[in-house]
Asks: 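So that we are looking at the same thing, I have put the structure below in structure tokens.
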Amino acid sequence: MIRLYDTARGEVRDLVLRSPGRVSMYVCGPTVDNLPHLGHGRFTLVWDVARRWFTFQGLRVHYVSNITDIDDKIIARAQAESRDEGDVVKQYEGEWWDAMGRLGVAEPDDAPHATDYIAQMVELIESFLERDVAYRTSDGVYFDVSSVPDYGLLAGQPLESLRAGARVEANDEKRSPLDFALWKNAKPDEPRWPAPFGDGRPGWHTECVVMSLDLLGEDFDLHCGGFDLKFPHHENERAQAVAAHKAFARHWDHNGWVMVGGEKMSKSLGNFTSLTELLEHTDPRAYRLLVLRSHYRSPIEVTRDTIADAERALARLDALARRFELPVLGGDRFELASAHGWEEESLELYERVVSLMNDDLNTPAAVGELFEAVSVANAAADDGQKVAARRLAQSINVLFGAMGLALLAGNQVVDADSDRLVQERDVARAARDWSEADRLRQALVERGWIVEDGASGTVIRRP
RNA sequence: GGCGGCGUGGCCGAGCGGUUAGGCAGGGGCCUGCAAAGCCCCGUACUCCGGUUCGAAUCCGGACGCCGCCUCCA
């Protein structure tokens, strides 16, 4: 049984699925108005790991994550840069998928776009107007939050207390400051879609309700996103589903955010680092390992120091892959626990990792177990216990693969000149000509290689 | 003001009443022609003050500090 935190209840509980053996999950995706930042990298990694783990445990996962391709910020950028909105969307959605590919985040089964669902959103908004849970103002259509009795469930606060803390509202046509826009009337030069209540565009909170219910159906299993989406975004999605008399997400879960210098990284603070930039000078696996080494609901600091720490830890794993010539897992490939043999020490490791992972995805403790196992495997190999060592190393590889982390033995292209130096060095070492061997090593180091003398001769790799 | 989270050894980071978590960095040793990789050993930590208990980083009360949500945000 998999246990997972549920934001709606504020506790870890059994993941109770709509239909046994299948998980339907919806992860709120990005608004493509800018380069993806580190926070986007974290949430996609966190839920990618969850998805892979569920799959590993034998569940069939239907993973949906949207692209918000119409939004005030997209319009603002288009106007500021005198471009077409579609052009902005095309550029940044391209950057998005490119970054996801490099991070090793598997593509969603469905990646719906808001603009493909305008008609259904209009239909929903109309039904709200008919039933008077929404009302029109001079600038659009608003949802009346007081029509939902348990509004504030995800925020963990009743409506009254939320209202008390609300900031002063500029729009005095709203009945409550908490009421949110379902539809925004188009101003001149703004993109627009026709609607009986006035041409315009949908508000942000409506798209996810419509798309998740369309693709996953009512009563789907899991709705995820960053902590900051809890309120108001997810609260408002839920409110609409309640008002529409639709059973919505059975479980809600939210990942912690990325911090910078002790503060939350966010667009409004302007302190965000682009993911694209990070990936230009870092092994993307280091970010995945950094994410795995903290609990998904905790905040993380992503700095050169924490990334460098993860890179050094990764080197230890890659060394294991080199020593045991492990196959490359992760990436597009999803591991299945049932497809591997688990015996003796590897079975013990498997069971420890499973119990940690199934308890609210305790990746840091699971990774701790795996690193411990790395030492055990190496020690066993040093001790000549080849079979046990190999079995453990392969299991470590599979378990990291199940979290999407690929261990890389190297498989690096060695140019002909370097290869010649390696061979000459083996000859020199066989002849115990140490000064020549040292000279050849120096030549290889100058070519940027790290030189290791193994049982089968000189091996070179890039740092 | 309301609600929520956090404070663990140089750094990162598990922990849910009694166990050496784990990683990185650092020190010592083994292995190696010398290295690299690997192995072994070492640092004995829980913001503070009370309380409960045979026993608390873990439970209770209080204090201090930090962060977040209540506005667009992953």
Side-chain angles (χ1 to χ4, degrees), chain A residues 7 10 27-31 33 36-44 46-47 71-73 152 154-158 160-170 177-178 180 204 224-233 235 254-259 262-269 272 275 289-290 293-295 297-301 303 305-320 322-323 356 362-383 429 432-435 437-438 441 445 450-454 458-461:
Chain A
T7 308
V27 179
C28 273
T31 299
D33 68 317
H37 59 68
L38 296 179
H40 292 113
R42 158 107 114 152
F43 94 79
T44 51
V46 162
W47 301 114
D71 170 88
D72 291 4
K73 287 194 291 296
L154 292 172
Q157 291 193 81
E160 279 316 308
S161 118
L162 283 167
R163 182 178 289 153
R167 296 173 198 191
V168 179
E169 180 64 52
L178 296 171
F180 57 91
W204 180 40
C224 315
F227 257 55
D228 41 8
L229 295 188
K230 241 180 348 184
F231 190 92
H233 183 54
E235 190 74 54
H254 296 87
N255 60 276
W257 36 63
V258 172
M259 309 288 284
E263 279 191 316
K264 178 188 169 192
M265 168 180 290
S266 74
K267 287 185 182 178
S268 55
L269 289 173
F272 62 91
L275 179 61
L289 185 56
L290 177 61
R293 292 213 295 174
S294 70
H295 188 80
R297 286 189 281 111
S298 301
I300 53 170
E301 285 274 352
T303 63
D305 286 347
T306 58
I307 286 285
D309 187 85
E311 282 181 318
R312 285 187 294 261
L314 195 55
R316 180 166 161 77
L317 300 178
D318 284 347
L320 184 84
R322 228 178 298 126
R323 181 171 194 176
L356 290 165
N362 192 346
T363 57
V367 167
E369 288 289 346
L370 290 168
F371 270 94
E372 177 70 30
V374 168
S375 293
V376 174
N378 276 319
D382 286 353
D383 195 37
R429 289 187 69 237
R432 307 183 70 79
D433 182 351
W434 307 129
S435 63
D438 287 348
R441 172 164 56 203
V445 167
I450 288 174
V451 180
E452 288 184 20
D453 298 330
T458 293
V459 174
I460 57 174
R461 67 173 212 270

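By convention in this document, chain letters (A, B, ...) are assigned in the order of the sequence lines, proteins followed by strands, and residues within each chain are numbered from 1. Scope of the values below: all heavy atoms of this structure, side chains included, with no hydrogens, waters or symmetry mates.
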Asks: How would you summarise protein contacts on nucleotides 20-35 of chain B per nucleotide, using B for base, S for sugar-phosphate only and - for none, with heavy-atom distances below 4.0 Å?
Replies: -BSBBS-------BBB
Asks: Are side-chain heavy atoms of A:L162 and A:L178 found at a separation under 4.5 Å?
Replies: yes
Asks: Please state the P separation for the pair B:C24 and B:C40 - nearest whole angstrom.
Replies: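 Approximately 12 Å lies between the P atom of B:C24 and that of B:C40.
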Asks: Using side-chain heavy atoms (C-beta onward) and a distance below 4.5 Å, is A:S294 in contact with A:R42?
Replies: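 When only atoms from C-beta onward are counted, A:R42 and A:S294 do touch, with a gap below 4.5 Å.
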Asks: Touch check for A:P232, heavy atoms < 4.0 angstrom, all strands: base, sugar-phosphate only, or nothing?
Replies: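 If one applies the 4.0 Å heavy-atom cut-off, A:P232 turns out to touch the sugar-phosphate alone, with no base involved.
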Asks: Using the P atom as the point on both nucleotides, what is the distance between B:G27 and B:A37, in whole Å?
Replies: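 One P to the other, the span is 14 Å.
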Asks: Tell me which of A:D382 and A:W257 sits closer to the 5' end of RNA chain B, going by the nucleotide each one is nearest to.
Replies: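 The residue whose closest nucleotide sits nearer the 5' end is A:D382.
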Asks: Does a salt bridge link A:D309 with A:R293, judged by any charged N lying under 4.0 Å from a carboxylate O?
Replies: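 Judged by the 4.0 Å cut-off on N to carboxylate O distance, A:D309 and A:R293 do form a salt bridge.
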Asks: Minimum heavy-atom separation for A:L320 to A:A377, with atom names?
Replies: CD1-CB, 4.4 Å
Asks: Of the non-hydrogen atoms in A:E235 and A:G152, which two are nearest, and what is the gap between them?
Replies: OE2-N, 2.7 Å
Asks: Roughly how far, to the nearest 0.5 Å, is OG1 of A:T303 from CG of A:L290?
Replies: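 Here the interatomic distance stands at 8.0 Å.
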Asks: Within the structure shown, what part of the strands sits under 4.0 Å from A:V258 by heavy-atom distance: base, sugar-phosphate, or nothing?
Replies: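 Base, at least one base atom sits under 4.0 Å.
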Asks: Distance check, C1' atoms only: B:C39 and B:G7, in whole angstrom units.
Replies: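 Their C1' atoms lie roughly 36 Å apart.
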Asks: Could you report the tightest heavy-atom contact between A:R429 and A:A437, atom names first, then the distance?
Replies: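 So the two residues come closest at CG-CB, 3.7 Å.
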Asks: To the nearest Å, how far apart are A:N255 CG and B:G68 C1'?
Replies: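 It is 14 Å, rounded to the nearest whole Å.
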Asks: Heavy atoms under 4.0 Å, any strand shown: does A:A164 hit a base, just sugar-phosphate, or nothing?
Replies: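 No contact.
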Asks: If you measure from the P atom in B:C16 to the same atom in B:G68, how many Å do you get, rounded?
Replies: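 To the nearest whole Å, 29 Å.
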Asks: To the nearest Å, how far apart are A:E160 CD and B:C3 P?
Replies: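 For the pair A:E160 CD and B:C3 P, the rounded distance is 14 Å.
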Asks: Provide, to the nearest angstrom, the distance between the CG atom belonging to A:D228 and the P atom belonging to B:G4.
Replies: 19 Å
Asks: At less than 4.0 Å, is any side-chain N or O atom of A:N362 found next to OP1 or OP2 of B:A14? Yes or no.
Replies: no
Asks: Looking at B:A74, B:A37, B:C67, which one has an atom nearest to any side-chain atom of A:R461?
Replies: B:A37
Asks: Please tell me which of A:R297 and A:G29 maps to the more 5' nucleotide of RNA chain B, matching each residue to the nucleotide holding its nearest heavy atom.
Replies: A:R297
Asks: Side chains of A:T7 and A:F231: does their closest heavy-atom pair fall under 4.5 Å?
Replies: no
Asks: Could you tell me whether a side-chain N or O of A:T31 sits under 3.5 Å from a main-chain N or O of A:D33, the two making a donor and an acceptor?
Replies: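 Looks like no, no N/O pair under 3.5 Å.
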Asks: When rounded to the nearest Å, what value does the distance between P atoms of B:C48 and B:C34 take?
Replies: 48 Å
Asks: Figure out the CD/P separation between A:E301 and B:C12, and round it to whole Å.
Replies: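 Whole-Å distance recorded here is 8 Å.
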Asks: Dot-bracket for RNA chain B: what is it, with Watson-Crick or G-U pairs under 3.5 Å, [ ] where a pair crosses earlier ones, and | for a pair to another strand?
Replies: ((((((((.[[[..)..(...]]].(((((.......)))))....[[[[[..)....]]]]])))))))....
Asks: Does B:G55 fall in syn (glycosidic angle within 90° of 0) or anti?
Replies: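 Because its glycosidic torsion lies more than 90° from 0, B:G55 adopts the anti conformation.
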Asks: Between P on B:A36 and CG on A:N378, what's the gap in Å once rounded to a whole number?
Replies: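 After rounding, the reported distance stands at 16 Å.
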Asks: Specify the separation, in whole Å, of atom NE2 of A:H295 and atom P of B:A14.
Replies: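 Between P of B:A14 and NE2 of A:H295: 8 Å.
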Asks: Identify the two heavy atoms, one from A:W47 and one from A:C224, that lie closest to each other, and give their separation to 0.1 Å.
Replies: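 So the minimum-distance heavy-atom pair works out to CE2-CB, 3.5 Å.
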Asks: Distance check, P atoms only: B:G43 and B:G9, in whole angstrom units.
Replies: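 That atom pair is separated by 16 Å.
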Asks: If you round to the nearest 0.5 Å, how far is CG of A:L370 from OG of A:S375?
Replies: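 Taking OG in A:S375 and CG in A:L370, the distance rounds to 11.5 Å.
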Asks: How many Å lie between CG on A:L162 and P on B:C70, as a whole number?
Replies: 10 Å
Asks: How far does the P atom of B:C59 sit from the matching atom of B:G23, given to the nearest Å?
Replies: 26 Å
Asks: Between B:A57 and B:U47, how far apart are the two C1' atoms, rounded to whole Å?
Replies: 12 Å
Asks: May I have the distance from A:D71 (atom CG) to B:A74 (atom P), rounded to whole angstrom?
Replies: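 In whole Å, B:A74 P and A:D71 CG are 9 Å from each other.
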Asks: Which is true for A:H254 with a 4.0 Å heavy-atom rule: it touches a base, it touches only sugar-phosphate, or it touches nothing?
Replies: nothing
